[in-house]
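Keep in mind that this is a model prediction, so the values were computed, not measured.
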Amino acid sequence: MSGSPAVVMRLLASAYTVAEKAGAIVRRVLHSGELGVVEKTGVNDLQTLADRLAQQSICASLTRRFPQLHIIGEEELPAEEIKEDLIETGQREEILHKTCPAEYREVKEEELVVWVDPLDGTKEYTEASRCLQRQTEAQIQHKGSDICQAQAQLWLLDNVTVLIGIAYGGRAIAGVINQPFYNYQLGEGADLGRTMWGMLGLGAFGFQLQEVPGDRRIITTTRSHSNKVVTDCVDAMEPHEIIRVGGAGNKIIQLVEGKASAYVFASPGCKKWDTCATEAILHAVGGKLTDIFGNPYCYDANVKHMNSAGVLATLRNHEYYVSRVPQSVMQALKSD
């Protein structure tokens, strides 16, 4: 490596360690049992202490190193002094030593937009917390069946991710996904968490890319925000299997690890902070994320936050899935 790394590489290297710090915060709050839950717009739109602290950590850490960045976070938080123990100053050396793609070498700090979801899958996070509490109570009372029931629901932990996406010229060009509870199945004492990252022109790292066998169509879709339009669209894909889980980050992980062929969500529920990081990583390995009409999303600082025309993401054969979207679904959604 000659000279100083390009701004975007330094930002990505910082986003990696900042996402890991946020993941540690998410774990710490869960294990404290004091989630501090508030409803934003209803029972399926929650905010926890982990959401608040993780976003403060991410935004303050990145702003300190890159003061001219435009950062857009999911949570609307009051301006307040951030505690020093929330600040992460490290950078991922692996990323700093990568060669920046030529088209991004001269990009300036003020030209970059960062989209932050500090805790994607908050509903599943709160449900998993209740499962852990039930498990603890059952262990104290030596109730074996209750312990098993609680443990069976801990798969919800895999739905939780931290998302940091980087956009330039309206396009998602790089992203980080931290999965705080990866390896939770290994039990007490396990080294939890993993971090994936990717950049257009470089590829994606931190996981083993796999594909669903070509003769199978496995659709992943929402677990808690479904309706007739959503189910009609999924059914139109003629899936062999449907997986209903939480979190946009989790669904993209399913695509790149060969558990699902397509992520189909024909609803305006997703936001830009759900899809910026995930789109960048998916595109870095040859996949595609668009709205239901097959149109790309724009990630400029001044765009509306809602992905009002839904989400359609695939690792391969994107046009097939776009072609299967029913006219009734298209009429129900407004194209961006």
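Judged by distance alone, with hydrogens and angles left aside, the side-chain atoms of S57 form no donor-acceptor pair with the main-chain N or O of L53 at under 3.5 Å. A donor-acceptor pair under 3.5 Å links the side-chain atoms of S32 to the main chain of V29, judged by distance alone. With hydrogens and angles ignored, the 3.5 Å screen pairs a side-chain donor or acceptor of T221 with a backbone N or O of V264. A donor-acceptor contact shorter than 3.5 Å links the side chain of T126 to the backbone of K123. Q91 contributes no side-chain N or O that, together with a main-chain N or O of A13, makes up a donor-acceptor pair within less than 3.5 Å. Side-chain atoms of N227 come within 3.5 Å of backbone N or O of V230 as a donor-acceptor pair. Between the side chain of Q179 and the backbone N or O of D158 there is at least one donor-acceptor pair closer than 3.5 Å. Without hydrogens or angle criteria, H240 side chain to R217 main chain gives a donor-acceptor distance under 3.5 Å. With hydrogens and angles ignored, the 3.5 Å screen pairs no side-chain donor or acceptor of E257 with any backbone N or O of K259. The backbone N or O of G246 sits less than 3.5 Å from a side-chain atom of N159, completing a donor-acceptor pair.
The SG atom of C59 sits 13.5 Å away from atom CZ of R64, with the distance rounded to the nearest 0.5 Å. To the nearest 0.5 Å, atom CD1 of residue I95 and atom CE of residue M9 are 7.0 Å apart. Interatomic distance, Y184 OH to L30 CG, rounded to the nearest 0.5 Å: 12.5 Å. One distance of note links OG1 of T275 with OH of Y263; it measures 8.5 Å at 0.5 Å rounding. Between the CD1 atom of I71 and the CD1 atom of I58 there is a distance of 9.5 Å, given to the nearest 0.5 Å. The CD1 atom of I173 sits 9.0 Å away from atom SG of C276, with the distance rounded to the nearest 0.5 Å.
Side chains of V107 and L112 form a contact here, defined as non-hydrogen atoms less than 4.5 Å apart. Within the 4.5 Å cutoff, side-chain heavy atoms of E319 are placed close to those of K288. Counting heavy atoms from C-beta outward, I292 and C233 have side chains that approach closer than 4.5 Å. In this structure the side chain of L86 reaches within 4.5 angstrom of the side chain of I25, judged on heavy atoms. Side chains of L200 and H283 form a contact here, defined as non-hydrogen atoms less than 4.5 Å apart. Between I166 and L11 there is a side-chain heavy-atom pair separated by less than 4.5 Å. Considering only heavy atoms from C-beta on, P101 comes within 4.5 Å of L202 through its side chain. You'll find the side chain of E94 reaches within 4.5 Å of the side chain of W197, heavy atoms only.
There is a path of hydrophobic side-chain contacts, each under 4.5 Å, that joins V234 to L333. Y182 and F205 end up in different hydrophobic clusters when Ile, Leu, Val, Met, Phe, Trp and Tyr side chains are linked at under 4.5 Å.
In the model, N178 has a side-chain atom that pairs as donor or acceptor with a side-chain atom of T195 under 3.5 Å. For the 3.5 Å distance criterion, the side chains of T122 and D51 qualify, holding a donor opposite an acceptor. If you check the side chains of T17 and K21, you find no donor sitting under 3.5 Å from an acceptor. A donor atom on one side chain and an acceptor atom on the other are found under 3.5 Å apart for Q47 and R52.
Here E74 does not pair with K271 in a salt bridge; the nearest charged N to carboxylate O distance is not below 4.0 Å. Classification of E110 and K108 as a salt-bridged pair fails, no side-chain N sitting under 4.0 Å from a carboxylate O.
Contact record, S61 with V18: CB-CG2, 3.7 Å, taken as the closest heavy-atom pair. When all heavy atoms are compared, the tightest approach of G249 to I177 is O-CD1, 4.4 Å. Between E109 and P67 the shortest heavy-atom distance is OE2-N, 3.0 Å. The two atoms that bring T290 and N295 nearest to each other are CB-O, 3.2 Å, heavy atoms only. Taking every heavy atom of both residues into account, A277 and I164 meet most closely at CB-O, 3.3 Å. Between M237 and Y320, the closest heavy-atom pair is O-OH, 3.5 Å.
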Do R324 and E238 pass the salt bridge (Lys or Arg N to Asp or Glu O under 4.0 Å) test, and can you show the C-alpha distance, the side-chain angles, and the key distance before you say yes or no?
CA-CA 9 Å; R324 299 294 303 179; E238 298 185 345; 3.1 Å; yes
Would I219 and F265 count as a side chain to side chain contact (heavy atoms under 4.5 Å, CB included) if you check the C-alpha gap in whole Å, the side-chain angles of each, and the deciding distance to 0.1 Å?
CA-CA 10 Å; I219 305 298; F265 185 48; over 6 Å; no
Check the pair M196, V176 against side chain to side chain contact (heavy atoms under 4.5 Å, CB included), reporting the backbone distance first and the verdict last.
CA-CA 6 Å; M196 310 173 181; V176 176; over 6 Å; no
Could you give me the CA-CA distance, side-chain angles and deciding distance for T278 and L163, then say whether side chain to side chain contact (heavy atoms under 4.5 Å, CB included) is met?
CA-CA 8 Å; T278 53; L163 306 175; 4.1 Å; yes
Please lay out, stage by stage, how F293 and V322 fare under the test side chain to side chain contact (heavy atoms under 4.5 Å, CB included).
CA-CA 6 Å; F293 299 84; V322 171; over 6 Å; no
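Shown here is D191, whose CG atom has no more than 12 heavy atoms of other residues, nucleotides or ligands within 6.0 Å. In this structure, E34 places its CD atom where only 12 or fewer heavy-atom neighbours from other residues, nucleotides or ligands lie under 6.0 Å away. The neighbour count for R171 CZ, taken as heavy atoms of other residues, nucleotides or ligands under 6.0 Å away, does not exceed 12. Within a 6.0 Å sphere centred on CD of E106, heavy atoms belonging to other residues, nucleotides or ligands number 12 at most.
Ring planes of Y125 and F181: tilted class, angle from 30 to 60°. The aromatic rings of Y299 and Y297 sit perpendicular to each other, their planes meeting at more than 60°, with 30° as the lower class boundary. Using cut-offs of 30° and 60° on the angle between ring planes, the pair Y104 and Y168 is perpendicular.
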